[in-house]
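Reviewing the structure listed below.
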Amino acid sequence: MRILVVEDDKEVAGFVVKGLREAGHTVEHADNGRDGLFLAASENFDAIILDRMLPGGIDGLRLLETLRAQDNITPVVFLSALGQVDDRVKGLKAGGDDYLTKPFAFAELLARVEALTRRGKSDGPTTRLLVGDLEMDLLSRGVKRGGQKIDLQPREFRLLEYLMRHVGQVVTRTMLLEGVWDYHFDPQTNVIDVHVSRLRQKIDKPFELPLLHTVRNAGYMLRAEEV
Amino acid sequence: MPPEPNASSARPEALQDAAGKQRRRSKPLIRSAGIRFALVYAVLFGLSAFILAFALWYSTVALLQREVELAVRNDASALNDHFTTGGLPSLVTAIHERLAANLDGGGIYLLLDPMGNHVIGNLDRWPAGLDEINTWYELPVSRQGVKSVALLRAFPLNGGGRLLVGRDDRARTELRDVLQYGLLWALGIMCALGLIGAALMRSLFRGVIRDISATTRGIALGDLTRRMNKSGENDEFDELADIINDMLERIARLMDGVRQVSNAIAHDLRTPITRARTRLEDASLHATTTEDLHSAIERAMLDLDSIVGVFEALLRIAEIEAGSRRAAFAPFDLTPLLHDVDELYRAVAEEDGLLLETAIATPLPILGDRELIQQAVANLIDNALKFSAPGTTIFFAGRMEDNLIELIVADHGPGIAEADRARATERFFRAESARTTSGSGLGLALVSAVAQLHGGALRLTDNHPGLRAIITLPGRE
């Protein structure tokens with residue numbers, strides 16, 4: 001994927017660029033709003049990682065608003081030290097697709113960026129999701145694995161749906177909290193782990209090949225084949 | 001000799017001092033709002049009183065003049081009648097009679113023949129300046145050596161003679177003088193009273209302002225315990241004092257909060273920061289394998305994450321306490337939100353061998369911030385799970401009575417000692433029994449802040465044994 005990083009802090013930018021390249025992406029970097037806007041508007045990117053406070057007269061919000069005014073729909077993840085609820089709302093209102101507060105874990109940023117780009121591609125009206133021999137019918141709300149019906153609670157269904165929509169991608173605990181439970185804060189207990197392990201009991205336990213994997217220091221991943 | 005230079009050097013200083021004092025004293029006089037108000041009041045009052053008195057004076061004097069004029073006219077026309085019916089002799093007789101009867105000397109008559117000779121009358125000669133016939137004059141006259149002022153009018157007689165009829169104006173002039181004199185006095189007294197009133201108002205005003213300014217100055221200098229005095233008369237100034245005192249109360253509370261937080265940061269954040277730093281330093285000095293190094297770095301990162309978590313919680317509480325979230329309040333039903341929280345934590349409770357007993361009423365309409373209430377309830381259940389022993393029950397309920405919503409989370413854990421309960425909602429407060437468990441000591445502070453933001457409260461009571469936390473929130477009608 002081709003990713004643009006607009007971030008003025010050298011340390012953070014260098015770390016993010018290096019990490020994204022290691023993950024196999026092509027990365028461009030701009031250290032001020034003006035250059036960032038120029039790059040974003042003139043070239044094609046699969047995702048943009050955008051700082052809110054930038055030098056050069058154009059801050060992150062302005063940059064994104066200008067971009068969206070030009071009908072540019074490149075997915076944008078805000079990466080900002082402004083962490084109040086209002087800031088988050090402002091960022092999403094300006095057209096941001098996700099909002100991550102500094103300090104951040106790189107795994108979290110990577111997972112979110114990759115989730116966004118995938119979403120951009122497959123946002124059609126899907127009625128069936130398929131991962132290996134696991135299939136989900138979104139209309140009848142039925143789940144089968146290897147032809148065998150699996151009973152899921154409504155929330156488990158939504159959790160599995162989220163994982164299946166992000167198949168092959170790392171999904172972090174906060175992404176699950178936000179995407180499945182609509183919680184925007186960190187519970188102190190390991191609620192997500194408990195729910196994921198319950199889901200795992202139902203979809204993996206009776207079968208030979210595990211689909212739901214734990215990714216150390218990051219989160220979970222649903223995938224069909226061994227890597 | 002020595003006193004001279006002393007005196008000469010002392011004088012300018014003294015002069016300067018005096019001048020300075022005067023300047024200092026005159027400045028507040030001009031700039032004093034009390035004096036300004038009082039002066040405006042005195043000028044307005046004086047002006048209206050003066051206009052009233054002047055109108056009174058003017059109409060009195062004018063009325064008197066009109067009466068005199070009328071008398072003179074009537075007199076003259078009567079005399080004219082005598083002249084037309086009886087000729088000159090009859091007129092002379094009539095004037096003579098009038099002069100004889102004119103005991104008080106108020107009437108003035110003078111008849112001149114066509115040659116200009118004195119025929120009869122109590123004036124020695126024709127008054128100087130009286131040139132026009134049939135015109136009113138107010139002139140000084142002299143009668144038998146007595147000088148006075150008179151209102152005069154000359155009438156022509158058939159055949160060429162001239163008749164002067166008038167009235168001594170002394171009484172009227174005197175009355176006018178008395179009135180004028182009185183008015184001037186009254187004006188003077190009014191000015192004096194106005195000034196005294198101004199001074200009184202100023203001192204009254206300053207008395208009130210002095211209290212306010214002394215109190216606020218004291219507070220500006222850092223003494224937050226100062227409060228406004230009230231006169232006890234329940235007037236506007238008392239109202240103002242109440243408002244200012246409320247404001248000071250709030251400022252003091254906020255200052256207290258700031259102090260508390262900075263103390264807490266000093267104590268509670270130093271510990272994990274020290275831990276992280278020690279780990280990193282230890283690793284950099286003693287780690288022999290890259291594996292050791294990696295594990296030290298990872299653990300230090302976890303420490304830093306927990307510090308960030310504390311910061312975020314602190315900032316969130318500050319954001320809530322600032323009240324800015326109120327702008328985003330929306331009406332919604334709490335019931336599904338509570339069911340969601342129940343569903344999220346039920347799995348954890350079951351995993352921990354706890355029983356989560358839930359009783360959620362429907363509907364629970366409220367005006368508020370969904371996310372914050374969600375977090376507050378989640379915090380309470382988090383706490384309950386953390387402190388409960390396996391096999392015990394946690395009671396979770398939401399109900400509404402008399403438009404008051406109660407959210408209850410009760411556990412059978414160690415609870416909070418009664419002495420500590422009041423302080424349990426302070427930031428970073430951790431009861432002795434909670435020292436060993438994980439947590440930042442900010443959970444209940446956040447719950448309390450959320451409840452207060454919604455106009456409600458967090459109550460902590462004994463659950464015999466354990467803790468019963470009750471959030472009360474005003475419902476939406």
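Keep in mind that the numbers below use all heavy atoms, side chains included, and drop hydrogens, waters and symmetry copies. A, B, ... follow the sequence lines: proteins, then strands. Residue 1 opens every chain. Computed from a predicted structure; not experimentally measured.
- Using a 4.5 Å cut-off between heavy atoms, D182(A) contacts chain B through its backbone alone, with no side-chain atom that close.
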_salt bridge (Lys or Arg N to Asp or Glu O under 4.0 Å) assessment of R88(A) paired with E371(B)_ = CA-CA 13 Å; R88(A) 204 188 127 81; E371(B) 205 174 299; 5.8 Å; no
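- Residue V308(B) touches chain A through its side chain alone, counting heavy-atom pairs closer than 4.5 Å.
- The shortest non-hydrogen separation linking V191(A) to V348(B) is CG1-CG2, 3.3 Å.
- Within 6.0 Å of NE2 in H294(B) there are 12 or fewer heavy atoms belonging to other residues, nucleotides or ligands.
- Side-chain contact check for Q374(B) versus F185(A): some heavy-atom pair is nearer than 4.5 Å.
- Closest of all the heavy-atom pairs between H195(A) and E343(B) is CE1-O, 3.5 Å.
- Looking at every heavy atom in both residues, D86(A) comes nearest to E319(B) through N-OE2, 4.1 Å.
- Heavy-atom pairs under 4.5 Å with chain A were tallied for L315(B), N383(B), V341(B), N379(B); the largest tally goes to V341(B).
- Considering CG of L372(B) and NE2 of H184(A), their distance stands at 12.0 Å, rounded to 0.5 Å.
- Electrostatic pairing of E350(B) and R198(A) counts as a salt bridge here, judged by a charged N lying under 4.0 Å from a carboxylate O.
- Only the side chain of R316(B) comes within contact range of chain A, with heavy atoms under 4.5 Å apart.
- Only the side chain of A378(B) comes within contact range of chain A, with heavy atoms under 4.5 Å apart.
- Interatomic distance, CG of N190(A) versus CD of E351(B), reported as 8.5 Å (0.5 Å rounding).
- Closest heavy-atom contact between D340(B) and Y183(A): C-OH, 4.2 Å.
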